Number of protein chains: 2
Amino acid sequence: MRLRDTPPNTTIRDVAKHAKVSIATVSRVLNESSGVREGTREKVWATIEELNFTPNPIARQLSIGRTLTIGIIQPYITLPSYIERLRGVQHSLASSEYDLVIFNVDNPGQKDAYFKDLSRKMRVDGMLIVSLPPTNEQADNFADTRIPTVLIDSENPKLCRIVADDYEGGRIATRHLVELGHRKIAFLSDFLDTPFHPAMRLRYLGFQEVLAQHQIPLNPAYVIEGSRGRINARTMAKKLLTLDDPPTAIFASSDTQALGVLDVAQEMNVKVPERLSVLGYDNIPDAVYNNLSTIDQNLYDSGVKGAQMLLDLLGGLIEPPCKQQVSLNLLRRKTTGPAPIF
Amino acid sequence: MRLRDTPPNTTIRDVAKHAKVSIATVSRVLNESSGVREGTREKVWATIEELNFTPNPIARQLSIGRTLTIGIIQPYITLPSYIERLRGVQHSLASSEYDLVIFNVDNPGQKDAYFKDLSRKMRVDGMLIVSLPPTNEQADNFADTRIPTVLIDSENPKLCRIVADDYEGGRIATRHLVELGHRKIAFLSDFLDTPFHPAMRLRYLGFQEVLAQHQIPLNPAYVIEGSRGRINARTMAKKLLTLDDPPTAIFASSDTQALGVLDVAQEMNVKVPERLSVLGYDNIPDAVYNNLSTIDQNLYDSGVKGAQMLLDLLGGLIEPPCKQQVSLNLLRRKTTGPAPIF
DNA sequence: CTGAAAGCGCTAACAA
DNA sequence: TTGTTAGCGCTTTCAG
């Protein structure tokens with residue numbers, strides 16, 4: 001029956017035998033249920049220690065019908081913005097009875113695989129899904145399945161979710177730049193259409209809208225998209241800054257990319273913000289250090305809120321669908337300033 | 001018995017009833033064991049599909065006595081070098097029957113907590129422990145416990161482990177710099193003594209040894225330690241480069257830090273490698289991009305090897321203690337050059 | 001306050 | 001080839 005030939009672990013039965021009580025009693029003291037005489041409790045604890053016994057969580061899970069863990073599916077665990085959110089989640093979960101397990105998704109295929117047999121295979125009681133919008137079909141599945149799910153940073157009317165208004169974020173950012181007098185504003189971002197980040201496209205739309213409102217024509221050469229990361233951002237920034245008529249402001253759709261822009265500006269000796277304004281998005285810790293102006297999307301807070309919502313769902317306090325917004329703030333620091341005068 | 005008031009999931013028993021076979025037969029087709037007539041198999045599959053049945057992994061785990069997952073305990077999941085290693089691990093595990101769950105440790109307390117009730121609470125069949133040297137007592141515990149463990153990037157004679165020779169790494173690096181004619185060589189690193197990284201101290205010892213061999217006096221002002229990360233490295237580098245008698249070469253104990261040094265050099269207009277040689281450690285992807293000379297410690301490979309060793313352990317192919325080394329290579333790129341002549 | 005016993009959903013002897 | 005059945009280690013009802 002068991003494949004391993006190792007000696008069996010000590011079980012609750014061993015403890016019971018040693019302590020000369022029933023296994024029910026041992027279980028009671030283990031779970032700190034009331035109704036065990038003080039003397040008995042002590043005796044049992046003593047043998048537990050003596051035998052160095054740890055209850056088998058798998059058996060417990062099978063018995064109570066819950067796994068006491070919640071899973072988080074997240075792309076790019078390596079990016080600072082995701083880490084920030086993860087911290088928030090961990091904060092909310094720390095005081096709960098749930099453990100957190102992380103599933104990293106590196107490619108769309110992996111995402112689908114995870115989504116498919118979510119609950120059972122994952123052995124989790126609840127799921128947090130970050131920045132990974134489900135298709136309609138997948139959303140239906142989530143809604144049907146018995147396992148509570150909350151989306152963070154993606155939108156679906158049938159599910160519970162924490163969202164930020166990326167469209168508005170794009171507007172706030174662009175408005176800031178326009179109000180500083182900029183007219184040559186570039187938009188530098190991840191690929192606008194990926195299965196992962198509809199957010200980018202929304203920010204772009206907000207960007208467009210504000211430009212239009214101010215009758216500023218959109219120069220196609222000022223819109224540049226590419227792979228994530230600081231290094232790729234450098235390449236893109238270089239293209240922008242070596243244009244015959246370079247922009248006076250760059251709105252980068254993540255801080256990481258904005259930092260890449262800053263690298264290039266320094267390298268090319270373009271003074272920031274005198275000759276070039278750079279505006280990021282996220283407010284990651286590095287942004288503070290570099291005095292980067294940015295849109296704070298309260299990443300940590302979104303993690304806290306998402307985990308709390310899941311906990312509420314698990315506790316039956318709320319029912320899907322439900323929705324919460326995280327706020328967006330412009331943080332004006334030292335990398336944005338008035339447009340240069342010609 | 002079950003706390004949830006949700007309708008019970010469909011079980012193997014339901015399938016058996018529907019298909020008019022015994023649960024044993026269902027189990028057999030589920031596990032693709034031989035000895036089921038083709039017709040029966042098909043019938044069972046059909047009802048499985050029809051009922052949309054997924055076996056409960058918890059029950060399976062309890063029954064077979066294994067969890068089919070392996071855990072990895074790792075500090076700093078956010079640093080590129082750790083990601084690199086993780087990729088290697090995932091590569092090895094992809095073709096195995098095991099899932100990987102990641103436990104991140106942010107502080108020593110967490111580490112101890114994880115180490116304490118490792119196996120049971122974690123519900124894993126095997127553990128990979130990265131860069132987290134156990135105390136002797138903890139090591140004894142690991143050795144006693146029935147759960148196979150391999151250390152990656154830390155050393156303990158009682159356990160299975162993948163190690164790199166950091167002492168030698170320090171020597172290789174320093175030798176390179178000395179051979180280029182440098183005499184004023186600085187050593188910039190993480191805190192030399194942390195519970196996480198004895199490696200740093202070893203590299204430092206290697207550094208000292210080579211200097212001594214060449215009768216180069218060690219200037220205390222050239223040794224600087226601080227918190228991890230590119231940003232902190234900048235602060236340290238600035239201190240070094242504003243010394244009255246600044247070094248002509250800096251050996252940074254990680255690429256991330258070396259990049260911080262490069263930032264400062266550029267900012268201060270110190271030409272690299274003409275006026276300053278910078279040597280890193282790790283060979284992370286960014287190092288390639290920045291043409292950073294570095295010590296390649298084959299991070300990815302260490303992940304591959306570690307996971308493979310654990311698999312072998314799990315399969316009973318090897319027994320602890322065991323040990324494997326990953327190789328170290330000097331990668332001379334563009335940030336190290338001959339010492340400037342005065 | 002304590003114990004006996006019936007599950008939780010699955011696997012694997014063993015027997016047929 | 002298939003079915004019966006005894007676990008895996010725990011929780012929890014129900015009786016005492």
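Side chains are part of it too, since the values below use all heavy atoms of this structure and drop only hydrogens, waters and symmetry mates. Remember, it's a predicted structure, so these values are computed and weren't measured experimentally. Every chain is numbered from 1, with letters handed out A, B, ... down the list of sequences.
Minimum atom distance to the side chain of Leu62(B) is reached by dC8(D), of the listed dC10(C), dC8(D), dT11(C). Ranking dC14(D), dC10(C), dT11(D) by closeness to the Arg28(A) side chain, first place goes to dC14(D). When each of dT11(C), dG3(C), dG9(D) is scored by its nearest atom to the side-chain atoms of Thr11(A), the top-ranked nucleotide is dG9(D). The nucleotide whose nearest atom lies closest to any side-chain atom of Ala24(B) is, among dA12(C), dG9(C), dC10(D), dA12(C). When distances run from any side-chain atom of Val36(A) to the nucleotides dT2(C), dC10(D), dC10(C), the shortest one goes to dT2(C).
Checked against salt bridge (Lys or Arg N to Asp or Glu O under 4.0 Å), Glu42(A) has no partners two or more places apart in sequence or in another chain. Ser302(A) meets the side-chain hydrogen bond (donor to acceptor under 3.5 Å, both in side chains) test with no other residue; sequence neighbours excluded. Take Ser22(B) and apply the side-chain hydrogen bond (donor to acceptor under 3.5 Å, both in side chains) test, not counting sequence neighbours, and it matches Thr25(B). Evaluation of the side-chain hydrogen bond (donor to acceptor under 3.5 Å, both in side chains) rule for Thr135(B) yields Gln138(B) as partners, not counting sequence neighbours.
Listed pair Ser22(B) / dG3(D) meets the phosphate criterion, a side-chain N or O lying under 4.0 Å from OP1 or OP2. Distances shown here put every side-chain N or O of Asn56(A) at or beyond 4.0 Å from the OP1 or OP2 atom of dC8(D). A close approach under 4.0 Å does not occur between any side-chain nitrogen or oxygen of Arg37(A) and OP1 or OP2 of dC1(C). Side-chain N/O atoms of Ser27(A) include none lying less than 4.0 angstrom from OP1 or OP2 on dC10(D).
Judged as a salt bridge (charged side-chain N to carboxylate O under 4.0 Å, His left out), not a single pair has a partner in residues 12-26 of chain B (not counting sequence neighbours). A salt bridge (charged side-chain N to carboxylate O under 4.0 Å, His left out) check over residues 302-324 of chain B, counting only residues at least two apart or in different chains, returns the pairs Glu155(B)-Lys323(B), Asp301(B)-Lys305(B). The list of salt bridge (charged side-chain N to carboxylate O under 4.0 Å, His left out) pairs with a residue in residues 26-41 of chain B, not counting sequence neighbours, reads Glu38(B)-Arg41(B).
Remark: C1' of dA5(C) and CZ of Arg13(A) are 11 Å apart, rounded to the nearest angstrom. With rounding to whole Å, Glu38(B) atom CD is found 11 Å from dT1(D) atom P. Rounded to whole Å, atom C1' of dT11(C) lies 15 Å from atom CD1 of Ile58(B). The separation between Arg66(A) atom CZ and dG7(C) atom P is 22 Å, rounded to whole Å. The interatomic distance linking Ile64(A) (CD1) with dT13(D) (P) rounds to 13 Å, in whole Å. A straight line from CD1 of Ile12(B) to P of dT5(D) spans 17 Å, rounded to a whole angstrom. Gln61(B) places its CD atom 15 Å from the P atom of dC10(D), with the value rounded to the nearest Å. One can place CD of Glu32(B) at 12 Å from P of dT11(C), the figure rounded to the nearest angstrom.
Terminal axes of the helix from dC1(C)-dG16(D) to dA16(C)-dT1(D) (five pairs each, C1' rotation axis) are separated by 40°, to the nearest 10°.
Remark: the Ser63(A) side chain and the dG7(C) base include a donor-acceptor N/O pair separated by less than 3.5 Å.
Using a 4.0 Å heavy-atom criterion, one finds that Ile23(A) contacts the bases of the nucleic acid, with or without backbone contacts as well.
Shown for residues 40-51 of chain B: residues whose heavy atoms fall under 4.0 angstrom of DNA chain D, namely Thr40(B).
The distance from the CG atom of Leu311(B) to the OG atom of Ser92(B) is 7.0 Å, given to the nearest 0.5 Å. For the atom pair CZ of Arg87(B) and OH of Tyr300(B), the computed distance is 8.5 Å after rounding to the nearest 0.5 Å.
Under the 3.5 Å distance criterion, the side-chain polar atoms of Asn56(B) are matched with a main-chain donor or acceptor of Ile58(B).
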